[in-house]
J.: 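Mind having a look at this structure? Questions to follow.
Note that the structure is a prediction, hence the values are computed from the model and not measured. Letters A, B, ... mirror the listed sequences (proteins, then strands); counts begin at 1.
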Amino acid sequence: SLTERLTQIFRNLGGKGKLSEADVRAGLRGIRQALLAADVHWQVARELLGRVEEQALGAKVLQSLTPAQQLLAIVRQELARTMGGQAQSLRLTGRPATVLVVGPAGGGKTTTCGKLARWLSKKGRHPLLVCCDPQRPAAAEQLATLARQVEVPFHNAPNPETDFPAALKKARQELRDVVIVDTPGVPPGEAPPGWLAQFVKVHSPGDVLLVLDALTGQEAAQIAAGFLPLGVTGVVLTKLDGDARGGAALSIPARLGCPIVLVGVGERPSDLEPFYPQRMADRILG
Amino acid sequence: VRGQGALTQETWEELEDLLLAADVGPELAGELVSRLRERFDGQSPAWEEVQAALEEAVGELLSGAERPWSPPEGSPGVLLFVGVNGSGKTTTCVKVGRWLAGQGQRVLLAAADTFRAAAIDQLRRLGEEAQLEVIAHRPGADPGAVVHDALAHARSQGHRYLVVDTAGRLQTKRPLMEELGKICRVVEKLQGRPPEERLLVVDATVGQNAISQAELFHQAVGLTGLVVTKLDGSAKGGAVLPIWRALGIPILWLGVGQALSDLVPFRARDFARALVR
Ligand SMILES: Nc1nc2c(ncn2[C@@H]2O[C@H](COP(=O)(O)OP(=O)(O)OP(=O)(O)O)[C@@H](O)[C@H]2O)c(=O)[nH]1
Ligand SMILES: Nc1nc2c(ncn2[C@@H]2O[C@H](COP(=O)(O)OP(=O)(O)OP(=O)(O)O)[C@@H](O)[C@H]2O)c(=O)[nH]1
Ligand SMILES: [Mg+2]
Ligand SMILES: [Mg+2]
């Protein structure tokens, strides 16, 4: 574990019980390796450890009987603070509330839409699932199947400009109070299509959720930045049921100020959880 | 700092950051930079010279990873595509199938993802677009049974290749990894040999988890190659460097877009240049 490794570093260098500033810096280098191995953006790691160093070069660490623990406590606190400190929730404003789901290709948007529909149903809401992805083969079938699984109505809107108003009308007629909108995956390096920006302008969705794969490496903040013009209100980090350390959960709030609101922890509709910064901090540190 | 002749500590840090940003990982980034520092010890090269040396080092590291496609002897040759969720397997299956068909060969696709919503529909649609025949069962069917049927069909109809699409799965899920082993055994029982190609499809935007993916999928099926997808963006796919170093699994193709024609062979020199620039 990182605590063991740090203790080892300090034992090898610390010599006679009292830690020097150089020893603390050696410890920080070890932590830096752990953050980078966890896919934290290299610049975010540098800045974060810079803030930690300021705090760590005080008596708290240098004169502690357990300097490794003490240093890690500071790091853990700084991570959790950067990731938002406390769990966030969806805004769900509007009548009906519109939740627009966007993100890069293959991140888990369509699956997350199904999960959101189930999540909101459990909270007493009445969602409508809308497919605005005319380009991916069988996208409508995929969302329609998920809609059936979570017992939520489905509407296909392949031409968003003309079909989405019809979806809103259907929502009002069927007394659905939340509309969840699935969109095409954006290829890496491309900006979101013009019609998506137009959609946001015309319909002002209360929530614009960016769905991003937790396996994403150093590109996470860069990829997320491309979606900011759409007015992203929160990020859903998916595939955290594997062994990815999920450094993107730190890089994105740190660089873009965008909170992680939910996490995907599996392929089933029930595999959606709130985001807990403290838990994520421990996961990133390994 | 750059182009001023004298290399400073900052220059070396900048070089390491460049490599880190490309997802090569902290170990390899540190190693490559130390090697360059040794090489330029006592000299004052320009930034361009150092960058060129780095490109050369990366290219050399990866040169053994190039394995141009060579048709297997046995027919039908079976190509099994595996990988984590959303990596681009289904799209890549059809891209490769289409490419093989373009060489005048008869290709059959097997829809062995019987789990995910509309996975079979998706493969059927893409197969239609590429004018390739697809064998599928109903959703929820046993993937091994689909592969058995498809292979029997390929053998009796004289297809040169069978391309098998499988469901995405995270490598840490043991039962799902064992399912892949079972699929290989189904092929082996019918053919007397396992699938000729067992290819891991890796998303270029994935970070260090790619190494875990390669290790565990390799344990499950014995990978014969990698395909790296989504290289049409800013991601460099640098995680293939530590994979190559640790496991020696060659890289056959690169996916460079969502269109079925967006498939190119892996070239170490080109990959190195794109990574370093
Ligand atoms: N293990 C796991 N798999 C997930 C999770 N979320 C989504 N997936 C899987 O990831 C794959 C891609 O999911 P999709 O919902 O199709 O992704 P998408 O963003 O809609 O893809 P595009 O529309 O092509 O951009 C599927 O195999 C999903 O089952 C998760 O939290 N955990
Ligand atoms: N830009 C780009 N997109 C790609 C590439 N390869 C695949 N995609 C896209 O990535 C998304 C996921 O592709 P799929 O082929 O469904 O991935 P998969 O691995 O089969 O997904 P699951 O079966 O759900 O695990 C789709 O939107 C594809 O169009 C590529 O090389 N470049
Ligand atoms: Mg989708
Ligand atoms: Mg697939």
J.: When you measure from the side chain of Asp39(A) to the backbone N and O of Gln208(B), does any donor-acceptor pair fall under 3.5 Å?
T.: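 Indeed, once roles are kept as given, a pair shorter than 3.5 Å links the two residues.
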J.: For Lys173(B), which atoms come within 4.5 Å of any heavy atom of chain A: side chain, backbone, both, or neither?
T.: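 Looking at Lys173(B), just its side chain touches chain A.
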J.: Taking atom CD as the centre, does Glu178(B) end up with more than 12 heavy-atom neighbours from other residues, nucleotides or ligands that are less than 6.0 angstrom away?
T.: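 More than 12 heavy atoms, drawn from other residues, nucleotides or ligands, come within 6.0 Å of this atom.
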J.: Can you check whether Asp232(B) reaches Pro188(A) side chain to side chain, under 4.5 Å on heavy atoms?
T.: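 In short, these two side chains touch, coming nearer than 4.5 Å.
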J.: I want to check something: taking the side chain as every heavy atom from C-beta on, are Glu219(A) and Lys230(B) in contact at a cut-off of under 4.5 Å?
T.: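 No. Closest side-chain heavy atoms not under 4.5 Å.
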J.: Does atom CZ (Arg268(A)) have a neighbourhood of more than 12 heavy atoms from anything else shown, all under 6.0 Å?
T.: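 Check fails, neighbour count at 12 or below.
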J.: So, for Gln258(B) and Ala105(A), which heavy atoms are closest and what is the spacing to 0.1 Å?
T.: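 Scanning both residues, the minimum pair turns out to be NE2-CB, 3.9 Å.
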J.: Hey, which of Thr145(A), Asp241(A), Asp213(A) has the most heavy atom pairs under 4.5 Å with chain B?
T.: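 Most heavy-atom pairs under 4.5 Å with chain B: Asp241(A).
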J.: Establish, from distance only, whether the side-chain atoms of Thr172(B) and Asp243(A) form a donor-acceptor pair under 3.5 Å.
T.: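 Side-chain D/A pair, Thr172(B) to Asp243(A): absent.
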J.: Checking heavy atoms, do the side chain of Glu190(A), its backbone, both or neither come under 4.5 Å from chain B?
T.: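 Contact with chain B involves no heavy atom of Glu190(A) at all.
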J.: For residues Gln142(A) and Arg116(B), determine if any side-chain heavy atom of one lies less than 4.5 Å from a side-chain heavy atom of the other.
T.: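 They are in contact (side-chain heavy atoms under 4.5 Å apart), so the answer is yes.
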J.: Indicate yes or no: at least one non-hydrogen side-chain atom of Gln43(A) is less than 4.5 angstrom from one of Asp17(B).
T.: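 Heavy-atom side-chain distance check fails, nothing below 4.5 Å.
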J.: Measure the shortest side-chain to side-chain distance between Leu215(A) and Val84(B) over non-hydrogen atoms and say whether it is less than 4.5 angstrom.
T.: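 Yes, close enough: below the 4.5 Å cut-off.
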J.: What part of Arg46(A) gets closer than 4.5 Å to chain B, counting heavy atoms only: side chain, backbone, both or neither?
T.: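 Side chain of Arg46(A) only, per the 4.5 Å heavy-atom cut-off to chain B.
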J.: Could you report the tightest heavy-atom contact between Ala138(A) and Ala118(B), atom names first, then the distance?
T.: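 Nearest heavy atoms, Ala138(A) then Ala118(B): O-CB, 3.8 Å.
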J.: Is it true that, when you exclude Gln9(B) itself, more than 12 heavy atoms of the residues, nucleotides or ligands shown sit nearer than 6.0 Å to its CD?
T.: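 More than 12 within 6.0 Å, yes.
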J.: I need the Trp42(A) CH2 to Leu18(B) CG distance, nearest 0.5 Å.
T.: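 Nearest 0.5 Å value for the CH2-CG distance: 9.0 Å.
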J.: Quick check for you: to the nearest 0.5 Å, what is the distance between Thr111(A) atom OG1 and Asn85(B) atom CG?
T.: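 Output value for this atom pair is 8.0 Å.
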J.: Measure distances from Gln33(A) to the heavy atoms of chain B and classify the residue's part below 4.5 Å as side chain, backbone, both or neither.
T.: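 Contact with chain B involves both backbone and side-chain atoms of Gln33(A).
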J.: At their closest point, which heavy atom of Lys239(A) faces which heavy atom of Gly86(B), and how far apart are they?
T.: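 For Lys239(A) versus Gly86(B), the nearest heavy atoms are NZ-CA, 4.1 Å.
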J.: Might you point out which heavy atoms bring Gln222(A) and Ser234(B) nearest each other, and give the distance in Å?
T.: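 Minimum heavy-atom contact is CG-OG, 4.0 Å.
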J.: Indicate yes or no: at least one non-hydrogen side-chain atom of Gln122(B) is less than 4.5 angstrom from one of Arg136(A).
T.: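 Yes, side chains in contact.
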J.: Which pair of heavy atoms, one from Leu170(B) and one from Gly242(A), lies closest together, and at what distance?
T.: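 Scanning both residues completely, I find the closest heavy atoms to be CD1-N, 3.4 Å.
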J.: Before you tell me yes or no, could you show the steps for Ile223(A) and Thr205(B) under side chain to side chain contact (heavy atoms under 4.5 Å, CB included), namely the whole-Å CA-CA distance, both residues' side-chain angles and the distance that decides it to 0.1 Å?
T.: CA-CA 9 Å; Ile223(A) 291 171; Thr205(B) 65; 4.0 Å; yes
J.: Would you mind telling me which of Gly25(B), Gly207(B), Ala119(B) has the largest number of heavy-atom pairs within less than 4.5 Å of chain A?
T.: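 Maximum pair count with chain A is reached by Gly207(B).
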J.: I'd like to know whether CZ of Arg138(B) has more than 12 heavy-atom contacts from other residues, nucleotides or ligands below 6.0 angstrom.
T.: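 12 or below, so no.
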J.: For Pro26(B) and Ala37(A), which heavy atoms make the closest approach, and how far apart are they?
T.: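 Where Pro26(B) meets Ala37(A) most closely, the heavy atoms are CG-N, 4.0 Å.
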J.: Against chain A, work out which of Ala204(B), Gly88(B), Ala239(B), Ser212(B) has the most heavy-atom pairs shorter than 4.5 Å and name it.
T.: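 That would be Ser212(B).
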J.: Which residue out of Arg125(B), Glu129(B), Arg124(B) racks up the most heavy-atom pairs below 4.5 Å with chain A?
T.: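 Among Arg125(B), Glu129(B), Arg124(B), the one with the most close pairs to chain A is Arg125(B).
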